[in-house]
Amino acid sequence: MAKFCSNCGKELKEGAQVCLECGALVDGTKKTNSADPNAKSKIAAGLLGIFLGALGIHNFYLGFTSKAVAQLLITILSCGFLSVISGIWGLIEGIFILTGKYNVDANGNPLAD
């Protein structure tokens, strides 16, 4: 008698412990990663800091709104003349994010690798 996955309905091979289609365990519990699926990406935040740091985009992404607004206002209100300052600030923060010195978002959640 054929067994079917309780999660996706796909036919299971004889003796299978895990559904090859959806990854659910045969007893019906779904296989999950221990990492938080809503965690912010360390790589994305670091690259945003390096390339768009003058606008504070990486801080908006991580939830540090006040720092992000400060970087954005420095760049916009100076008509770009002081964008070098906030750009260097963003570059340094981007490098710190990628190297792991900054490893949590504004809510204290760890960044995903």
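Heavy atoms only: backbone and side chains are in, while hydrogens, waters and symmetry mates are out. These numbers come from a predicted model, not from an experiment.
- Looking at every heavy atom in both residues, A45 comes nearest to L62 through CB-CD2, 3.9 Å.
- Within a 6.0 Å radius of CD1 in I43, no more than 12 heavy atoms belonging to other residues, nucleotides or ligands are found.
- Y61 places no side-chain N or O within donor-acceptor distance of the main-chain N or O of K40, the cut-off being under 3.5 Å.
- Looking only at side-chain heavy atoms (C-beta outward), L12 and F4 stay at 4.5 Å or farther from each other.
- When hydrophobic side chains of Ile, Leu, Val, Met, Phe, Trp and Tyr are connected at separations under 4.5 Å, I74 ends up clustered with L82, I85, W89.
- Taking both residues in full, the closest heavy atoms of T75 and S86 are given as OG1-OG, 2.8 Å, listed atom of the first, atom of the second, then distance.
- For the residue pair I50 and L91, the shortest heavy atom distance occurs at CG2-CD1, 3.9 Å.
- Listed by first then second residue, pairs satisfying side-chain hydrogen bond (donor to acceptor under 3.5 Å, both in side chains) with a partner in residues 95-113 read K42-D113, not counting sequence neighbours.
- In this structure a side-chain-to-backbone donor-acceptor pair under 3.5 Å is missing from S83 to A54.
- Annotation for F64: atom CZ counts as buried by contact number, over 12 foreign heavy atoms lying within 6.0 Å.
- Under the 4.5 Å side-chain heavy-atom criterion for ILVMFWY residues, no single connected hydrophobic cluster contains both F60 and V104.
- In terms of heavy atoms, A39 sits closest to A112 at CB-CB, 3.9 Å.
- Considering all non-hydrogen atoms of both residues, L55 and Q71 come closest at C-CB, 4.4 Å.
- Note on V69 and L77: same hydrophobic cluster, where clusters join Ile, Leu, Val, Met, Phe, Trp and Tyr whose side-chain heavy atoms are under 4.5 Å apart, directly or indirectly.
- Nearest heavy-atom pair, N59 versus A68, reported as atom, atom and distance to 0.1 Å: CB-CB, 3.6 Å.
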